[in-house]
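To start, the structure under review is shown below, and the notes come after it.
Start at 1 and go down the list; that is how both ligands and their atoms are numbered.
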Amino acid sequence: MGGATAANQCEGGYLEGNKGLSTVDVIPAGKDRFPVALGKMKMTECDNEHYYPNHEAIDFYHNYKEDIALFAEMGFKCFRLSLSWARIFPNGDDAKPNEEGLKFYDALFDECLKYGIEPLVTITHFDVPMNLVKTIGSWRSRKMVDYYERLCEVIFNRYKNKVKYWLTFNEINMLLHLPFVGAGLAFEEGENEEAVKYQAAHYQLVASAKATKIARKINPNFRIGCMLAAANTYANTCAPEDVWKSMEKDRENYFFIDVQSRGEYPNYAKKMLEKKNITLEIEDGDEDLLKNNTVDFISFSYYSSRLTSADPKVNAKTEGNVFATLKNPYLKASEWGWQIDPLGLRITMNSLYDRYQKPLFIVENGLGAVDKPDENGYVEDDYRIEYLRSHIKAMKDAVNEDGVELMGYTPWGCIDLVSASTGEMKKRYDFIYVDKDNEGNGSLARSRKKSFYWYKRVIESNGEDLE
Ligand code: BG6
């Protein structure tokens with residue numbers, strides 16, 4: 001048990017230590033955020049009209065020691081973090097890696113290990129060096145596979161004695177929904193966006209398999225996982241058309257993990273691409289590579305279940321969701337419209353385990369909520385405790401009642417950080433309050449919330465004491 005973060009949402013220091021500009025650094029807060037994140041509005045540099053919340057984020061870059069000490073105080077056994085690609089290869093195509101960036105992660109891992117906290121590393125979590133977007137169009141180019149491979153060689157060699165668990169791409173299915181966030185893709189007027197996205201997906205899948213192959217060569221003890229933005233899609237009614245539709249929706253996501261875990265494109269995926277008139281450019285050797293380098297475990301994020309209907313008239317979508325979903329009348333929702341469904345976690349775990357028969361790792365889960373700290377920064381976040389308690393219970397049921405193999409649980413984000421979808425600070429998930437607001441004001445001081453003490457007891461009792 002532990003917690004999860006991503007470099008782009010917590011580090012800040014966006015040009016410090018020779019770091020290059022990343023995709024996430026040019027995604028502003030405010031009304032232009034979604035057009036940029038969707039790849040509909042091109043933003044290749046930062047300007048003075050926008051505010052970019054990731055530039056400073058919570059300044060984990062300078063505060064990581066203090067923050068990791070707080071994680072240790074909660075008793076974390078595991079800390080999920082991601083590497084900023086542009087900190088290691090500032091332009092993505094540099095002849096040599098940036099030693100300062102590598103040293104930063106050395107120090108960070110050492111700090112974790114000092115407390116007996118096992119790092120779980122996402123190789124890339126929503127970031128691509130901006131230079132690769134400008135020069136080759138990011139993941140629309142096959143050259144990305146080579147650059148990613150070089151990144152992997154460097155980090156696997158450098159950190160082979162410090163890190164054992166690796167995830168190749170955060171929420172790999174996100175590239176279908178937020179293509180600039182997930183893959184640095186921006187579109188030209190009139191082009192076939194789906195074709196670009198699925199081709200980029202193929203390159204990421206090839207890159208993921210290559211990473212797995214290199215990892216095993218460099219250190220056979222490494223464990224490599226894929227990472228899915230998961231959640232089963234329910235059918236709105238028992239009409240077979242609705243049930244069919246929900247199956248199709250789930251397959252949009254399984255598409256990626258089926259390849260990463262089973263090693264080939266399933267027939268439904270081939271047929272789906274055929275119907276869309278998309279012919280993937282698959283090189284000789286790709287299929288063998290995918291087949292022979294499947295992942296060891298399935299990691300996923302789960303926040304909310306999804307709901308769909310075959311009836312186009314039924315369109316009362318919930319707000320704020322990257323994944324379009326209907327309102328489920330049986331569920332309450334967060335202030336951002338994310339529907340709260342602990343049993344949905346058990347259902348999702350069972351579906352994934354039935355399908356892949358590999359150990360699962362829940363690497364994100366949580367409630368984004370507005371916190372109201374007192375003058376000492378203390379937050380009575382019973383709503384968060386309630387959300388996590390009910391999800392941990394569901395997770396235990398999946399393990400104890402259903403026999404699902406679960407490697408670990410790292411709720412999002414453990415310390416307040418910038419929201420990936422909205423760029424807000426006020427959408428907080430975490431045990432540690434950070435004094436910073438949506439406009440970038442605040443002292444960045446850290447303070448413990450009520451959930452901090454609760455989670456400490458949960459970890460101490462290995463999930464037995466949930467009260
Ligand atoms: C996942 C991402 O989609 O959900 C995280 O991997 C993200 O990066 C998290 O922060 C919560 O979403 P949001 O948009 O509320 O920050």
Side-chain angles (χ1 to χ4, degrees), residues 3-11 22-25 27-30 33-34 36-38 53-54 57-58 60 79-85 120-128 167-183 204 225-231 253 256-257 298-306 318-325 333-340 345 348 361-371 383-384 387-388 391 409-431 434 436 438:
T5 59
N8 76 81
Q9 289 164 263
C10 70
E11 278 183 11
S22 302
T23 40
V24 280
D25 299 326
I27 306 180
R33 187 171 184 87
F34 270 98
V36 174
L38 289 166
N54 302 53
I58 59 157
F60 182 72
F79 174 42
R80 174 178 176 230
L81 64 131
S82 76
L83 304 175
S84 160
W85 189 341
L120 164 62
V121 176
T122 319
I123 298 170
T124 144
H125 188 131
F126 299 161
D127 74 5
V128 173
L167 308 178
T168 52
F169 287 88
N170 179 62
E171 295 188 334
I172 189 161
N173 49 329
M174 194 56 85
L175 84 77
L176 296 181
H177 305 276
L178 290 178
F180 188 72
V181 171
Q204 288 199 345
C226 54
M227 192 324 194
L228 173 74
N253 302 311
F256 296 85
I257 309 304
I298 313 291
S299 85
F300 65 97
S301 60
Y302 175 86
Y303 293 90
S304 176
S305 54
R306 300 165 190 157
T318 54
E319 288 159 15
N321 270 324
V322 170
F323 290 85
T325 177
S334 78
E335 287 152 285
W336 277 265
W338 294 27
Q339 308 187 101
I340 302 169
L345 173 60
T348 299
F361 204 137
I362 304 171
V363 295
E364 286 184 36
N365 170 236
L367 174 75
V370 178
D371 286 340
Y383 37 91
R384 181 168 295 113
Y387 177 99
L388 292 170
H391 283 74
Y409 178 65
T410 55
W412 186 255
C414 63
I415 179 165
D416 287 349
L417 32 68
V418 179
S419 157
S421 57
T422 69
E424 292 168 297
M425 271 304 298
K426 78 169 193 195
K427 190 179 187 193
R428 298 172 190 268
Y429 283 88
D430 322 293
F431 310 115
V434 178
K436 185 163 182 186
N438 281 355

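At least one side-chain heavy atom of Q9 sits less than 4.5 Å from a side-chain heavy atom of H125. Residues N170 and R80 form a side-chain contact, since some pair of their non-hydrogen atoms from C-beta on lies under 4.5 Å apart. Between Y429 and L417 the shortest side-chain heavy-atom distance does not fall below 4.5 Å.
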Give every pair formed by an N or O atom of ligand 1 and a protein N or O atom closer than 3.5 Å, one pair per line with both atom names and the distance to 0.1 Å, or write none.
| from | atom 1 | to | atom 2 | distance (Å) |
| --- | --- | --- | --- | --- |
| ligand 1 | 3 (O) | E171 | OE1 | 2.6 |
| ligand 1 | 3 (O) | E171 | OE2 | 3.0 |
| ligand 1 | 4 (O) | Y303 | OH | 3.3 |
| ligand 1 | 4 (O) | E364 | OE1 | 3.2 |
| ligand 1 | 6 (O) | H125 | NE2 | 3.3 |
| ligand 1 | 6 (O) | N170 | ND2 | 3.0 |
| ligand 1 | 6 (O) | E171 | OE1 | 3.4 |
| ligand 1 | 6 (O) | E364 | OE1 | 3.1 |
| ligand 1 | 6 (O) | E364 | OE2 | 2.7 |
| ligand 1 | 8 (O) | Q9 | OE1 | 2.7 |
| ligand 1 | 8 (O) | H125 | NE2 | 2.8 |
| ligand 1 | 10 (O) | Q9 | NE2 | 2.8 |
| ligand 1 | 10 (O) | W412 | NE1 | 3.2 |
| ligand 1 | 14 (O) | S419 | OG | 3.3 |
| ligand 1 | 14 (O) | S421 | N | 2.8 |
| ligand 1 | 14 (O) | S421 | OG | 2.4 |
| ligand 1 | 15 (O) | K427 | NZ | 2.7 |
| ligand 1 | 15 (O) | Y429 | OH | 2.5 |
| ligand 1 | 16 (O) | S419 | OG | 3.2 |
| ligand 1 | 16 (O) | A420 | N | 2.8 |

**Item:** Chi angles and distances behind the side-chain contact (heavy atoms from CB on, under 4.5 Å) call for T5, F60
**Value:** CA-CA 10 Å; T5 59; F60 182 72; 5.6 Å; no
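Atoms CZ and CG, on F126 and L175 in that order, are 10.0 Å from each other to the nearest 0.5 Å.
A donor-acceptor contact under 3.5 angstrom links the side chains of W336 and E424, judged on distance only.
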